[in-house]
Amino acid sequence: MASDLPLPASFLDCRVPREFYLRDVVEVAHALLGSFLVHAVAGAERVGRIVEVEAYLGPRDLAAHASKGLTPRTRVLFGPPGHAYVYLVYGLHFCMNVVAGREGEATAVLLRAVEPVRELTCRGNGPGLLCRALGIDKRLNGHDLVSCDLFVAALPGAPPGEVVTRPRVGVDYAGDWAGRPLRFYLKGSPHVSRR
DNA sequence: TGCACGATGAAC
DNA sequence: TTCATCGTGCAC
């Protein structure tokens, strides 16, 4: 791993609390970089270190799903923070967001890439691959992240490293919002998605 | 009820 | 650059 800290036998003790998500979405996006996404499957912890994220700023953000308003699909986005918003893109791949901010703000962080740490089935450089690697699909939509089977963990004192800021990927349709610098990734990580 | 189009990934 | 593949939102 990029930061060769000793890893715990189980990441559950390092799980972040609800308050972690109850902050400004850009702040949460930065806090997620360098932390760990954990999915416990059949007794095994699948773990990836988050190296790339994007922030989506709610209904006013034309690139965000929340800009469609409250619909059956965006229900989870408008709900309480610390929950997973998982959806199908292009009929093929799943993407996972973390709901952030206050309930009703519908702000969220898209998890775009992880560095494989433990028990991953493939590489995780890209939002679709990330979900595939960790075994995340639509069934986890709305799942509480303050739980024992899908959660974010942060090691105390883990140095996140230098962060690169760029426009978000694949949102050219969003007008003025397309160019906003809301994509963040760890500089030099070979596990970020390309483009 | 139908239709256009994705917050992608992989192949050509 | 093209294509796979299907849920969603919106037009009609």
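So you know, we letter chains A, B, ... as the sequences are listed, proteins then strands, and number each from 1. Keep in mind that this is a model prediction, so the values were computed, not measured.
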Roughly how many Å is it from [atom1] in [X] to [atom2] in [N], rounded to a whole number?
X: A:F94; N: B:dG9; atom1: CZ; atom2: C1'; answer: 15 Å
X: A:R123; N: B:dT8; atom1: CZ; atom2: P; answer: 15 Å
X: A:F184; N: B:dA7; atom1: CZ; atom2: P; answer: 19 Å
X: A:Y173; N: B:dA7; atom1: OH; atom2: C1'; answer: 5 Å
X: A:L130; N: B:dG9; atom1: CG; atom2: C1'; answer: 14 Å
X: A:R132; N: B:dA10; atom1: CZ; atom2: P; answer: 6 Å
X: A:L62; N: B:dA7; atom1: CG; atom2: P; answer: 12 Å

List the protein contact pattern of nucleotides 7-12 of chain C with one symbol per nucleotide (5' to 3'): B for base contact, S for sugar-phosphate-only contact, - for none; contact means a heavy-atom distance under 4.0 Å.
SSSS--

Within a 6.0 Å radius of atom CZ on A:R132, are there more than 12 heavy atoms belonging to other residues, nucleotides or ligands?
no

A:R18, CZ: over 12 other non-hydrogen atoms inside 6.0 angstrom
yes

With Watson-Crick and G-U wobble geometry limited to distances under 3.5 Å, how should the secondary structure of DNA chain B be encoded in dot-bracket form, using | for bases paired to another strand and [ ] for crossing pairs?
||||||.||||.

Can you sort out the partners of [X] under salt bridge (Lys or Arg N to Asp or Glu O under 4.0 Å), two or more places apart, ordered by chain and number?
X: A:E162; value: A:K187
X: A:R15; value: none
X: A:R118; value: none
X: A:R139; value: A:D137

Let me have the donor-acceptor pairs involving side chains of residues 25-44 of chain A, under 3.5 Å, with sequence neighbours excluded, atom names and distances please.
unit_1 : atom_1 : unit_2 : atom_2 : d
A:H30  : ND1    : A:V26  : O      : 3.1
A:S35  : OG     : A:L32  : O      : 2.6
A:H39  : ND1    : A:L134 : O      : 2.7

With A:D24 via side chain to side chain donor-acceptor pair (under 3.5 Å) - residues at least two apart
none

Suppose we screen for side chain to side chain contact (heavy atoms under 4.5 Å, CB included). Which residues come up paired with A:A106, at least two apart in sequence or across chains?
A:P59, A:A66, A:L77, A:F78

Across all chains, not counting sequence neighbours, the ring-ring contact (aromatic ring centres under 6.0 Å, His included) partners of A:H191 are none

Please name all residues satisfying ring-ring contact (aromatic ring centres under 6.0 Å, His included) with A:Y21, sequence neighbours left out, ordered by chain then number.
none

With the criterion being N/O to N/O and under 3.5 Å, what pairs connect the protein with nucleotides 1-4 of chain C, and how long is each?
none

